[in-house]
Amino acid sequence: MALNPSQQQAVTHPGGPMLVLAGAGAGKTSVLTQRIAHLVSKRGILPSRILVVTFTNKAAKEMKERLAKLLGKEVVKEIWAGTFHSICCRILRQDIAQLGTGHQTNFAIYDPRDQEKAMDFTLRRMNMDPEFYKATDMLSEVSRIKNSEMVGAKHTIQHQDPLMKRVFDGYQNYLSTNNALDFDDLLQLTLRLLHEHPEIAARYQQRFEHVLVDEYQDTNNVQFDFIRQFGAVHRNIFVVGDVDQSIYSFRHANFRIILRFQQDYPDATLIKLEENYRSTGNILDAANTLIKYNRERFEKTLISTKVAGEPLHFHVAQNEDEEATYIVQQIRMQHERDSLEFGDFCILFRTNTQSRLIEQYLIRSNIPYNLVGGYKFYDRKEIKDMMSYLNFLHNPQDSLSLQRIVNVPKRGIGPKAIDIIEKGAYFEGRGLTLWQALQESAIIDQLPPKANEAIQEFRYFTQQLLKEIHPVCNLPVSVIVERIFNDSGYKAEIEAESDEKKREDRIKNIESLIQAAVEYEESSKTPMNLSGFLEQLALFSDTDRLKNEGKLVTLMTVHSAKGLEYPVVFLPGMEEGLFPHARSVIDGEHAVEEERRLMYVAITRAKRRLHLIYTANRRSKYKNMTSKLSRFMLEIAAHLRIPGDLFLKAKEEAFQRRSKTGTGNTPAPIALKMPTAGPPVPTMNTSRPGGSATTITAPRAPLPTPPVRSTGQTLTLQPGDRVHHPQFGDGEVERVIRTLARIKFQTAGMKNIDLASAPLEKTS
DNA sequence: TTGACGTATCTTTTT
DNA sequence: GATACGTCAA
């Protein structure tokens, strides 16, 4: 691909900090890739001295594949590329023992489900009321602490709330006895390693001559610290991002970091890439129009390099069935009429649950599809069981995994027996892991004879396997899985299943896992590496595994679609409360702005055709509800008169359809009100080559919304305070942890409210 | 201890 | 409207 002057400048930048602000479809990834190629081939930088941080592992893999064509496979192998998490994991596997936290190099990585179990356990041991202190609440607070405060330099946190500090320490203690890390720890402990061991920090700082970061707008404070550390010596920090695509604040991403880059690095060079090479003009205009409603952004307008193209397609459906029917019919029709491949279509939704009905319709009409996220292969019971075996064999101190397999297949070791072992493990303040407890006859002798015998047998079996695997693992992962399956009695249990279909399904699942292991062995440099296999499963997301061979319609959330593009995009669920999500409306304007950025990401995934679908009556929970059209649609409509006036047309169609079917007794609630606030809007005409004339109205001044309350003005509440909430009414504060309040509302019941953002008023 | 059956509780987004 | 969880009998 030929580069434009700005792109060229970025690619050949001589050195020092550089910030590339690139809009959607402006060739961000190309610039990054070509820059690396330039560094290696033109400037003679050793590939092993380049570090590339991407947002997904798939992005890293694709970049490497592209680079392999330019530079050769052997060269590319030397480049460090991956997500923050996988890079940190790599560093920790090397040196984690030096931290003195008790972790060993074979540490396990706990996913959110594991985290919840670990937290439940911690709270139970602290005798805290689980009704009052929810594990998920505690975990989100723990995560917030880990992502905001510099825990790195200290062994324990300094926290205002002594109870929270105890919970934090208890949870961390549980993790380290189990030789496990959660996602946040991967980053946090890496930083700590660098802070406490200057010689290790120096090693990496010297080594990485160039540090490149993609999707910089979704970096959080800890990750920023990481980048700063790694680039400290050579200062060749090259970051690429787009403020308007910052959509991960719930993961503590802080887009102010990208806005601040030039303050952090005063000698930084700034390059803006505003030419869009992806979408046709009308699609881009809609995106530009929408995003101008946001206050917190860098002024930037994407310029289309393509024709105006088709107008946006807007469809009104009466209910979800109509919505799904419309999508399926359109795909069928376009597949034939425009000879588009199924792989050219993508259906994006705000929440995972929206996929279910559409899936059913796709299946019914024989359209092959690929669902990202949703029900996962690795969530199936058989797979989870086998994975627990593998996790346990890799790290026997992992009590959660051990607990999951100790009675799978059924061995007669029930909750009661486990309780006895657990009590033994914690007797008189000893903190043994489950596996350690199983080794002590003083503990297992308390069990009834039958359970005792079963434990002995289980212990013998697992010890045999452990001996073969540790310390030198000379068995391929697929063989280990087969061994477990055959010898643990799992196979026998499945074969005893009376339901034939179930039996076959489960065996098929196991076979797929073995297949996945084989694939891993073939692709990996070190085929016998159990650790690497588990790591891949823990850190690789679903998008990472997405294989688009052009034959499947893709279904996913807008979040997962970041960085991807499709000729035709469907965007169902254009309703207030769904998109923007009701939660964000409650949380306040800054949350709605993030939703708007999300919508911006969604629109800009489309290359040539964009379908927006509004469903008037959506079944939500147990009652039907009528939904209002999304404000985002109104914002687009207010300023952008698309040829044929899409809204009016859609409205007419909806009426016709309803009178035909005669089912509608509720009028379609399309409210196409032009905003009344604000000064009159100037209009301008632009003609585009090859496209029809489009009337675009320039955006007026931002809407007169109340300013976002800054963190300094967060409402401070105490238990017993009375409050008023516009949505939930009157309530009483029950508990406050930092900026999170648990409030009992008279009518709405118990809610957890974020004080930093919620429109809450103190009434007493 | 196991399995069957009934009931409460969710659904925002994910490395 | 599924799924995890609790309760009960065998």
Side-chain angles (χ1 to χ4, degrees), chain A residues 53-60 82-89 109-113 115-117 120 130-131 134 136 140 143 146-147 181-188 215 218-220 222-223 246-253 320 348-357 360 372-376 379 381 407-419 447-448 450-451 454 493 498 535-544 556-562 573 577-587 591-592 594-595 597-599 601-602 618-623 749-750:
Chain A
V53 185
T54 54
F55 196 71
T56 64
N57 288 295
K58 188 184 171 217
T83 59
F84 279 108
H85 291 88
S86 53
I87 289 165
C88 287
C89 191
I109 299 167
Y110 277 1
D111 68 12
R113 293 171 86 105
Q115 288 186 52
E116 207 177 318
K117 287 193 174 128
D120 272 334
E131 281 302 302
K134 295 257 192 292
T136 45
S140 69
S143 174
K146 285 184 186 175
N147 280 288
L181 266 60
D182 64 21
F183 282 135
D184 294 331
D185 287 337
L186 287 171
L187 291 161
Q188 197 55 247
E215 308 284 7
D218 281 317
T219 302
N220 70 31
V222 173
Q223 293 165 342
S246 171
I247 54 174
Y248 278 94
S249 74
F250 66 93
R251 241 169 63 185
H252 312 100
E320 287 163 304
L348 296 178
F349 27 77
R350 177 64 184 83
T351 64
N352 277 307
T353 42
Q354 286 170 261
S355 72
R356 266 197 42 242
L357 194 73
Q360 285 174 19
V372 179
Y375 72 96
K376 286 182 205 135
D379 270 348
K381 189 178 177 301
N407 199 31
V408 176
K410 302 256 179 319
R411 298 188 175 91
I413 306 165
K416 209 150 189 188
I418 291 174
D419 198 52
L447 297 169
K450 232 176 126 184
E493 194 182 74
S498 53
E535 195 171 303
Q536 205 177 84
L537 294 182
L539 298 179
F540 275 43
S541 72
D542 246 53
T543 348
D544 295 331
M556 64 183 141
T557 63
V558 184
H559 280 93
S560 310
K562 190 165 83 161
L578 188 59
F579 207 168
H581 196 273
R583 178 65 209 247
S584 70
V585 178
I586 293 165
D587 282 356
V592 174
E594 174 142 328
E595 294 281 306
R597 290 193 291 271
L598 194 57
M599 180 73 180
V601 170
R618 190 175 291 277
R619 282 193 298 273
S620 164
K621 293 180 185 171
Y622 29 88
K623 62 173 182 227
M750 197 72 83

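Keep in mind the model is a prediction, meaning the values are calculated, not measured. Within every chain, numbering begins at 1; the chains are lettered A, B, ... in the order of the sequence lines, protein sequences first and strands thereafter.
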Subject >> Options dT13(B), dT15(B), dT1(B), nucleotide nearest the side-chain atoms of N352(A) >> reply: dT13(B)

Subject >> Option passing side-chain hydrogen bond (donor to acceptor under 3.5 Å, both in side chains) with D218(A) (candidates H252(A), K562(A), R251(A)) >> reply: K562(A)

**OP:** Considering just the side-chain nitrogens and oxygens of R583(A), establish if one lies under 4.0 Å of OP1 or OP2 belonging to dT11(B).
**Re:** no

Original post:
Any side-chain heavy-atom pair from T219(A) and V53(A) closer than 4.5 angstrom?
Top reply: no

**OP:** To the nearest 0.5 Å, tell me how far E594(A) CD sits from I247(A) CD1.
**Re:** 7.5 Å

Subject >> Sugar-phosphate, base or nothing in reach of T353(A), heavy atoms under 4.0 Å >> reply: base

Subject >> Below 4.0 Å: OP1/OP2 of dG3(B) and any side-chain N or O of K410(A) >> reply: yes

**OP:** Indicate whether OP1 or OP2 belonging to dT14(B) is found under 4.0 Å from a side-chain N or O atom of S560(A).
**Re:** yes

Original post:
For L357(A) and dG1(C), what is the distance between atoms CG and P respectively, to the nearest whole Å?
Top reply: 9 Å

Original post:
To the nearest angstrom, how far is I418(A) atom CD1 from dT2(B) atom P?
Top reply: 9 Å

Original post:
Once you round it to whole Å, what is the distance between P of dT13(B) and CZ of R597(A)?
Top reply: 18 Å

Original post:
Counting only side-chain N and O atoms of N220(A), is one of them less than 4.0 Å from OP1 or OP2 of dT15(B)?
Top reply: no

**OP:** Could you check whether A582(A) gets within reach of a base, just the sugar-phosphate, or nothing at all, counting any heavy atom under 4.0 Å?
**Re:** nothing

Subject >> T351(A) side chain, from C-beta outward: closest of dT1(B), dT13(B), dT15(B) >> reply: dT13(B)

Original post:
Taking atom P of dT9(B) as reference, at what distance in whole Å does atom NZ of K134(A) sit?
Top reply: 8 Å

Original post:
Rounded to the nearest Å, what distance is computed from the CD atom of residue Q188(A) to the P atom of nucleotide dT15(B)?
Top reply: 20 Å

Original post:
Y248(A) near the nucleic acid: base, sugar-phosphate alone, or nothing, with a heavy-atom cut-off under 4.0 Å?
Top reply: sugar-phosphate

Original post:
Choosing from dT13(B), dT15(B), dA2(C), which nucleotide comes nearest the side chain of R356(A)?
Top reply: dA2(C)

Subject >> Any V222(A) side-chain heavy atom under 4.5 Å of Q188(A) side chain >> reply: yes

Original post:
Which of these nucleotides, dT1(B), dT13(B), dT11(B), is closest to any side-chain atom of K416(A)?
Top reply: dT1(B)

Original post:
When we call it a touch if two heavy atoms are under 4.0 Å apart, what does N407(A) touch: a base, just sugar-phosphate, or nothing?
Top reply: sugar-phosphate

Subject >> Any Y110(A) side-chain heavy atom under 4.5 Å of L181(A) side chain >> reply: no

Subject >> Closest-nucleotide 5' rank along DNA chain B - winner of R411(A) and P112(A) >> reply: R411(A)

Original post:
Considering only side-chain heavy atoms of H85(A), which listed nucleotide, dT14(B), dT1(B), dT15(B), is closest?
Top reply: dT15(B)

Original post:
Looking at T557(A), does any N or O in its side chain come under 4.0 Å of the phosphate oxygens OP1/OP2 on dT14(B)?
Top reply: yes

Original post:
Side chains of H85(A) and I109(A): closer than 4.5 Å at any heavy-atom pair?
Top reply: no

Original post:
What's the CD-P distance between Q354(A) and dA2(C), to the nearest Å?
Top reply: 17 Å

**OP:** Kindly point out which of dG3(B), dT15(B), dT14(B) is positioned nearest to the side chain of H559(A)?
**Re:** dT14(B)

Original post:
Rounded to whole angstrom units, what separation is found between the CZ atom of R113(A) and the C1' atom of dT3(C)?
Top reply: 10 Å

Subject >> Q223(A) CD - dT14(B) P separation (whole Å) >> reply: 16 Å

